[in-house]
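This report refers to the structure that appears directly beneath it.
Just the heavy atoms: all of them, side chains too, but no hydrogens, waters or symmetry mates, feed the values below. Numbered from 1 within each chain, the chains take letters A, B, ... in sequence-line order.
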2 protein chains.
Amino acid sequence: MESRNFILSSLSASEEALIRPHLEPIALPHKLTLFRPDEVITHIHFIEQGCASLLNTLPDGDTVEVGTIGNEGMVGTPVLLEADRMPCQCDIQIPGNGWRMPSAAFKAAVRQSDTLRGKLLRFTQAHFNQVAQSAACNRLHTIEERCARWLLMCRDRVGDDFPLTQEYLAIMLGVRRAGVTVTAKLLQNAGLIAYTRGRITILDPDGLEDVACDCYRITRDEFRRLIPKGEAYSDPRGKRTP
Amino acid sequence: MESRNFILSSLSASEEALIRPHLEPIALPHKLTLFRPDEVITHIHFIEQGCASLLNTLPDGDTVEVGTIGNEGMVGTPVLLEADRMPCQCDIQIPGNGWRMPSAAFKAAVRQSDTLRGKLLRFTQAHFNQVAQSAACNRLHTIEERCARWLLMCRDRVGDDFPLTQEYLAIMLGVRRAGVTVTAKLLQNAGLIAYTRGRITILDPDGLEDVACDCYRITRDEFRRLIPKGEAYSDPRGKRTP
DNA sequence: GACGGTCGGTACGCTACCGCGCAGAGGGAG
DNA sequence: CTCCCTCTGCGCGGTAGCGTACCGACCGTC
């Protein structure tokens with residue numbers, strides 16, 4: 001299937017026959033919620049363009065991002081893992097578009113194809129790695145390292161230029177907005193990024209990678225290993241926008 | 001099957017026939033490594049008694065625990081997710097015993113039973129939730145909250161009294177040993193725990209729960225929902241040692 | 001019963017980050 | 001052109017936890 005989504009574009013004819021008929025195109029505007037904490041996930045999503053965040057909001061209201069999902073996989077792994085829901089929320093962070101599919105149809109498709117399930121499970125492992133890396137990273141690394149890492153992960157999914165306010169970046173990193181301002185200024189002064197009023201541009205990905213902690217590389221390399229077409233995923237020199 | 005492990009004890013006769021013949025009893029002494037970063041996982045493990053830690057060691061040598069596994073599930077989820085390995089290490093933190101099974105036999109068993117796979121996938125989701133919660137918790141909560149949470153999670157798996165030095169607890173929490181000493185002293189003075197030279201006793205689990213962050217409850221409740229016999233898992237009033 | 005190793009207690013200066021709050025700059029709507 | 005709102009810049013006092021270092025208490029062993 002012709003698609004920017006790595007899972008969809010890797011489907012064999014027989015796999016596609018199970019999935020395709022149930023796909024419905026969907027716009028993914030900023031802040032759209034794909035699923036909520038502890039509510040049954042009715043649809044899974046394949047993102048073509050843009051980026052979703054797996055958010056953990058604690059009872060006191062503080063929110064942190066624990067994972068990011070773009071065109072490399074699916075949104076709704078709890079459905080695949082037969083749990084139907086989870087205590088996190090998933091919101092669109094960078095707008096784009098994609099496909100959605102009812103959970104029931106998705107479960108039926110997975111039951112009928114071992115190879116399809118395999119691809120999805122491997123993505124799930126890559127996603128798990130990412131969250132596990134975040135757990136360590138959130139504990140040990142500075143704002144600057146984590147900020148650089150986050151921007152690179154975003155770039156791998158949506159390209160060099162995307163809408164993003166410091167306010168939201170602060171939520172992603174689980175820090176104060178003022179802390180992001182200081183850090184962003186540093187990165188800008190170093191010529192690594194540019195930004196103006198809610199729009200950010202990556203100028204020097206290699207330089208940014210030097211600033212980022214190793215968590216970026218570790219997570220990215222596992223994505224490359226585990227995801228169909230992963231060798232194409234996030235090539236630092238590659239241009240993903242035609 | 002008669003077992004303290006919730007997965008094993010929930011197996012139907014047909015599931016047991018797929019698993020049982022391949023199980024080999026194994027002692028789980030402190031510091032035993034069940035799998036290493038980026039090395040193929042040759043055996044999966046079912047813990048009967050004791051507790052394993054999923055550890056993330058960064059290139060600079062710092063180590064943090066990102067997840068805990070005891071008798072509620074299996075060690076080796078990357079095998080189930082068809083990824084064979086992952087960038088974390090899994091060590092025994094609290095000694096005990098269990099069973100191991102070659103990965104190949106495990107994969108064959110899972111292929112032959114959808115219900116078995118379902119149970120294992122649901123555990124995987126619960127484990128994923130735990131790691132996702134840790135990512136947020138590590139970012140937002142104080143040493144004291146996280147220490148109380150960790151001790152409670154341990155208690156749910158191994159009982160009220162277990163060997164544990166402050167040195168190791170510090171690694172688990174990703175903080176200095178001196179920081180743990182201060183915190184442990186606070187908890188001890190409050191009458192919540194007691195400890196002497198590498199041995200810790202939970203005196204007041206309810207009091208400890210008041211000190212712990214909500215992350216504890218959130219993770220535990222999802223374990224209860226998703227794991228076979230989960231309703232028995234970690235009942236705060238229950239006694240798990242006969 | 002002397003010895004060495006492990007474990008826990010404490011102290012001190014330091015820094016990354018927080019909470020709060022305000023001010024200015026850009027941009028869209030009327 | 002003006003108004004208002006969003007976004008960014010910045011300052012200031014406060015603090016949790018760090019790095020380092022030292023010391024005493026306990027324990028097994030020979």
Side-chain angles (χ1 to χ4, degrees), chain A residues 29-31 58 60-64 93-95 136-151 161-190 193-201 211-213, chain B residues 29-31 58 60-65 93-95 136-151 162-190 192-201 211 213:
Chain A
H30 185 219
K31 292 193 190 184
L58 296 149
D60 56 27
D62 278 333
T63 299
V64 201
Q93 205 48 242
I94 296 176
C137 191
N138 283 346
R139 183 81 269 285
L140 296 174
H141 296 141
T142 62
I143 293 186
E144 192 170 7
E145 290 171 305
R146 290 187 293 124
C147 182
R149 168 176 173 244
W150 198 90
L151 293 175
D161 186 84
F162 44 91
L164 178 71
T165 65
Q166 298 187 355
E167 179 80 43
Y168 274 87
L169 185 48
I171 294 172
M172 297 302 99
L173 302 177
V175 299
R176 285 177 319 148
R177 201 262 314 149
V180 170
T181 301
V182 172
T183 305
K185 204 105 227 298
L186 285 175
L187 297 178
Q188 169 140 295
N189 291 344
I193 64 171
Y195 59 92
T196 49
R197 293 187 70 72
R199 183 141 210 107
I200 197 157
T201 307
V211 174
C213 47
Chain B
H30 185 220
K31 292 193 191 184
L58 297 149
D60 57 28
D62 278 334
T63 298
V64 200
E65 189 199 55
Q93 205 47 241
I94 295 177
C137 190
N138 282 346
R139 182 82 268 286
L140 296 174
H141 296 141
T142 62
I143 294 186
E144 192 170 5
E145 290 171 306
R146 290 187 293 124
C147 183
R149 168 176 173 245
W150 198 90
L151 292 175
F162 45 90
L164 178 70
T165 65
Q166 297 189 355
E167 178 81 44
Y168 274 86
L169 185 48
I171 295 173
M172 297 302 100
L173 301 177
V175 299
R176 286 176 319 148
R177 200 264 312 153
V180 170
T181 300
V182 172
T183 305
K185 203 104 225 300
L186 285 174
L187 297 177
Q188 169 141 296
N189 290 343
L192 304 177
I193 63 171
Y195 58 92
T196 49
R197 291 188 73 71
R199 181 139 212 109
I200 197 157
T201 307
V211 174
C213 47

Send over the distance from [X] [atom1] to [N] [atom2], rounded to a whole Å.
{"X": "Asn138(B)", "N": "dC17(C)", "atom1": "CG", "atom2": "C1'", "answer": "16 Å"}
{"X": "Asn189(A)", "N": "dG9(D)", "atom1": "CG", "atom2": "P", "answer": "9 Å"}
{"X": "Lys185(B)", "N": "dG8(C)", "atom1": "NZ", "atom2": "C1'", "answer": "10 Å"}
{"X": "Tyr168(B)", "N": "dC7(C)", "atom1": "OH", "atom2": "C1'", "answer": "13 Å"}
{"X": "Leu169(A)", "N": "dG9(D)", "atom1": "CG", "atom2": "P", "answer": "12 Å"}
{"X": "Asp62(B)", "N": "dC18(D)", "atom1": "CG", "atom2": "P", "answer": "10 Å"}
{"X": "Gln188(B)", "N": "dT10(C)", "atom1": "CD", "atom2": "P", "answer": "11 Å"}
{"X": "Arg199(B)", "N": "dG28(D)", "atom1": "CZ", "atom2": "C1'", "answer": "17 Å"}

With a 4.5 Å heavy-atom cut-off, do [X] and [Y] have their side chains touching?
{"X": "Pro163(B)", "Y": "His30(B)", "result": "no"}
{"X": "Gln93(A)", "Y": "Phe162(A)", "result": "no"}
{"X": "Arg146(A)", "Y": "Val175(A)", "result": "yes"}
{"X": "Asp62(A)", "Y": "Arg139(B)", "result": "no"}
{"X": "Leu151(B)", "Y": "Leu187(B)", "result": "yes"}
{"X": "Gln166(B)", "Y": "Ile200(B)", "result": "no"}

* **Under-4.0 Å side-chain N/O to phosphate OP1/OP2 contact, Gln166(B) with dG9(C)** =>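 Answer is yes, contact under 4.0 Å.
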* Where the side chain of Glu144(A) meets the backbone of Val211(A), is there a donor-acceptor pair that is under 3.5 Å apart? ->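 Absent.
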* Angle, rounded to 10°, between the helical axes spanning five pairs at each terminus of the helix from dG1(C)-dC30(D) to dG30(C)-dC1(D)? ->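 For the helix from dG1(C)-dC30(D) to dG30(C)-dC1(D), the axes at opposite ends meet at about 30°.
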What is the nucleic acid contact for [X], judged by heavy atoms within less than 4.0 Å: base, sugar-phosphate only, or nothing?
{"X": "Arg139(A)", "result": "sugar-phosphate"}
{"X": "Gly198(A)", "result": "sugar-phosphate"}
{"X": "Thr165(B)", "result": "sugar-phosphate"}
{"X": "Val182(A)", "result": "nothing"}
{"X": "Val180(B)", "result": "nothing"}
{"X": "Ala178(A)", "result": "base"}

* To do: Starting at CG of Leu173(A), measure out to CD of Glu145(A) and round the result to the nearest 0.5 Å.
  =>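 CD of Glu145(A) is found 12.0 Å from CG of Leu173(A).
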* So how far is it from Cys137(B) SG to Leu58(A) CG, rounded to the nearest 0.5 Å? ->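 Going from the SG atom of Cys137(B) to the CG atom of Leu58(A) covers 8.0 Å.
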Protein-nucleic acid N or O pairs under 3.5 Å, nucleotides 26-30 of chain C:
residue : atom : partner   : partner atom : Å
dG26(C) : N2   : Arg197(A) : NH2          : 3.4

* **Closest listed nucleotide, where the reference is the side chain of Arg176(A) and the choices are dC18(D), dT8(D), dC18(C)** =>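 That would be dC18(C).
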* Compare the minimum distances between each of dC18(D), dG9(D), dC17(C) and the side chain of Ile143(A), then state the nucleotide with the smallest one. =>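 The nucleotide sitting nearest to the side chain is dC17(C).
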* So which one's nearest nucleotide on DNA chain C is more toward 5', Arg177(A) or Glu144(A)? ->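 Between the two, 5'-proximity favours Glu144(A).
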* To do: Might you point out which heavy atoms bring Leu169(B) and Cys147(B) nearest each other, and give the distance in Å?
  =>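 Heavy atoms of Leu169(B) and Cys147(B) come nearest at CD2-SG, 3.9 Å.
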